[in-house]
Novice: 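Below you'll find the structure I mean.
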Number of protein chains: 2
Amino acid sequence: MGTTSDLRFHGGADAYLAACPSRQVLDVLANKWTLLVMGALSGGPVRFGALRRRLDGITQKMLTQTLRTLERDGLVTRTVYPTIPPRVEYAATPLGASVTDLLSGIRVWSEEHIDEILDARDAYDARAAREPRPVTG
Amino acid sequence: MGTTSDLRFHGGADAYLAACPSRQVLDVLANKWTLLVMGALSGGPVRFGALRRRLDGITQKMLTQTLRTLERDGLVTRTVYPTIPPRVEYAATPLGASVTDLLSGIRVWSEEHIDEILDARDAYDARAAREPRPVTG
DNA sequence: CAGCATCCAATTAGATACTG
DNA sequence: CAGTATCTAATTGGATGCTG
C-alpha cells in the first residue's frame with residue numbers, strides 16, 4: 001500500500017502541503033472554467049459546440065484544454081460518434097458528478113452574494129482613494 | 001432597483017454570462033490560494049506570518065495579494081495592532097465565513113479522491129503513449 | 001463539427017532588496 | 001513582523017489559419 005517514497009499520500013492527503021498531490025487537484029478544480037464546465041454537464045451529456053455557446057466568453061482553445069484536463073483526471077468522458085460531420089459528447093463521470101455539486105455551490109453563492117461583494121468593493125476603493133498611503137503599521 | 005444600464009444584475013445574476021459581475025467573483029473564489037486562505041481562517045483570526053507558514057509554498061507576495069483581494073471583496077478583515085513589532089491579524093467576515101465551508105468542501109474532496117484521480121491520470125497517459133495520434137474523428 | 005498548431009500579447013508569479 | 005517596490009521569468013490566454 002505505498003512505500004515511504006510513494007508520492008501518493010494514502011489516507012493522509014493534505015492540500016496545505018505543497019508536495020501533496022491533492023494540491024494538483026486544487027489547481028484543476030479551483031478554476032473558473034472547470035467550475036462552469038462541470039456545472040454545464042450536470043444535466044447530462046453535452047456537445048462541444050453547445051458547451052462553447054453556454055460558457056460565454058470561453059475560447060475554443062481554453063474549452064478544449066479544460067475538457068482534456070478533466071478527461072485526464074477522470075472527471076469527464078469524451079465520446080466520439082463517427083458521423084459526418086463528427087459529433088463529440090462530453091459527460092461527467094460518477095467521480096466528476098460527485099464534485100459537481102460542490103463546484104456549483106460556489107457559483108450559486110457568487111450569484112447570490114454579488115451585490116454584497118460589489119458594495120464591499122466600492123467601500124474599499126472609496127476608502128483607499130481617501131487615504132494617501134496606509135503605511136504598514 | 002437599478003436602471004437598464006446598471007451593471008448589477010439584481011436577482012438575475014448568471015455566472016455563465018461573461019458580463020455578469022458574478023463572473024468576477026468566480027475569478028476570486030475559484031483560486032487555489034483563496035481556497036486555502038479561507039480554510040486557514042475558519043478557526044478564527046490568524047496572523048500574517050502564521051498564514052504564510054500554513055500555506056506551504058505560497059510567496060509573501062501572493063499571500064499579500066490574495067489577502068488584499070479578499071479584504072476588498074469583504075470576505076476578510078485586516079486588523080493592525082500598533083505594537084512593535086507590528087502585529088496584523090486576518091479574520092473571515094460573516095460573508096466570508098458563509099462561503100468557507102463550500103471552499104473547504106472542494107479541498108476535502110481533493111484530499112479524499114486524490115488516488116482515484118492519480119489512477120485516472122496514469123491510465124490516460126498510458127493510453128496516450130500507446131496511441132500515436134487519436135485524430136479528431 | 002470539433003478540433004490542432006502556431007504565433008504573440010498579456011497576465012501572473014517568483015526572486016530580491018528595502019522599510020516603519 | 002509585516003509589509004512595499006521592482007525586475008524578470010514563466011505561464012496563460014487570445015487570435016488566426018488549417019484539417020478530417
Side-chain angles (χ1 to χ4, degrees), chain A residues 18-19 23-24 26-37 40-41 45-72 76-91 128 131-137, chain B residues 18-19 23-24 26-37 40-41 45-72 76-91 128 131-137:
Chain A
R23 192 56 95 69
Q24 300 170 31
L26 285 190
D27 284 329
V28 173
L29 296 181
N31 172 288
K32 176 179 59 180
W33 296 130
T34 289
L35 194 147
L36 293 173
V37 163
L41 296 180
V46 183
R47 294 183 62 173
F48 184 88
L51 279 174
R52 173 147 63 162
R53 284 186 295 276
R54 186 81 211 286
L55 276 67
D56 187 30
I58 197 171
T59 61
Q60 173 269 321
K61 180 182 173 180
M62 284 310 299
L63 179 54
T64 297
Q65 187 175 302
T66 302
L67 288 168
R68 285 294 166 282
T69 299
L70 294 175
E71 188 191 359
R72 185 167 103 102
V76 157
T77 59
R78 176 177 181 266
T79 307
V80 180
Y81 297 92
T83 57
I84 296 178
R87 181 174 142 214
V88 180
E89 280 189 352
Y90 291 89
E131 296 173 18
R133 279 292 159 180
V135 195
T136 296
Chain B
R23 193 52 98 70
Q24 299 169 33
L26 285 190
D27 285 329
V28 175
L29 297 180
N31 172 288
K32 177 179 57 178
W33 297 129
T34 289
L35 194 147
L36 292 173
V37 164
L41 296 180
V46 182
R47 294 182 63 171
F48 184 87
L51 278 175
R52 173 149 61 163
R53 285 186 295 275
R54 185 82 210 285
L55 276 68
D56 187 31
I58 197 171
T59 61
Q60 171 271 326
K61 179 182 172 182
M62 284 310 300
L63 180 55
T64 298
Q65 187 176 301
T66 301
L67 288 168
R68 285 294 167 281
T69 300
L70 294 175
E71 189 190 359
R72 184 166 103 103
V76 158
T77 59
R78 175 176 181 268
T79 308
V80 180
Y81 298 92
T83 56
I84 295 178
R87 180 174 142 214
V88 181
E89 281 188 352
Y90 291 90
E131 295 173 19
R133 279 291 161 183
V135 195
T136 296

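Lettering of chains follows the sequences in order, A, B, ..., and the numbering in each one begins at 1. Since we're looking at a predicted model, the values are computed, not measured. Excluded from the calculations below are hydrogen atoms, water molecules and symmetry mates; all remaining heavy atoms, backbone and side chain alike, are included.
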Novice: Pick base, sugar-phosphate or nothing for R47(A), based on heavy-atom distances below 4.0 Å to the nucleic acid.
Specialist: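 Sugar-phosphate, no base atom in range.
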Novice: Any chance you could measure T66(A), atom OG1, to L36(A), atom CG, to the nearest 0.5 Å?
Specialist: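 The CG atom of L36(A) is 9.5 Å from OG1 of T66(A), to the nearest 0.5 Å.
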Novice: Among the nucleotides dC1(C), dT4(D), dG13(D), which one has an atom lying closest to any side-chain atom of T64(B)?
Specialist: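 Taking heavy atoms from C-beta onward, the closest nucleotide is dT4(D).
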Novice: Specify the separation, in whole Å, of atom CG of L63(A) and atom P of dT12(D).
Specialist: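 My rounded result for the distance is 17 Å.
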Novice: Which of the following nucleotides, dC1(C), dA2(D), dA13(C), is nearest to the side chain of P86(A)?
Specialist: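 From the listed options, dC1(C) comes nearest.
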Novice: Check the phosphate of dA2(C) against R78(A), side-chain N and O only, distance under 4.0 Å to OP1 or OP2. Yes or no?
Specialist: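 R78(A) to dA2(C) OP1/OP2: no side-chain N or O under 4.0 Å.
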Novice: Let me know the distance between CE of M62(B) and C1' of dG3(D), rounded to the nearest Å.
Specialist: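 Rounded to the whole Å, the gap is 16 Å.
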Novice: Would you check, one step at a time, whether the test side chain to side chain contact (heavy atoms under 4.5 Å, CB included) holds for D56(A) with R23(B)?
Specialist: CA-CA 10 Å; D56(A) 187 30; R23(B) 193 52 98 70; 4.2 Å; yes
Novice: Hey, which sits more toward the 5' end of DNA chain C by its nearest nucleotide, K61(B) or G49(A)?
Specialist: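 Looking at DNA chain C, the more 5' nearest nucleotide goes with G49(A).
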Novice: For Y90(B), which contact category applies under a 4.0 Å heavy-atom criterion: base, sugar-phosphate, or nothing?
Specialist: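 Y90(B): backbone/sugar contact only, no base atoms under 4.0 Å.
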Novice: Does R68(A) have a side-chain nitrogen or oxygen under 4.0 Å from the phosphate oxygens OP1 or OP2 of dG3(C)?
Specialist: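 Yes, R68(A) has a side-chain N/O under 4.0 Å of OP1/OP2 on dG3(C).
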Novice: Mapping L67(B) and G57(A) to their closest nucleotides on DNA chain D, which lands nearer the 5' end?
Specialist: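 Per heavy-atom nearest nucleotide, the more 5' residue is L67(B).
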Novice: Please determine if a side-chain N or O atom of T59(A) lies less than 4.0 Å away from the OP1 or OP2 oxygen of dG13(D).
Specialist: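 So the side-chain polar atoms of T59(A) never come under 4.0 Å of the phosphate oxygens OP1 or OP2 of dG13(D).
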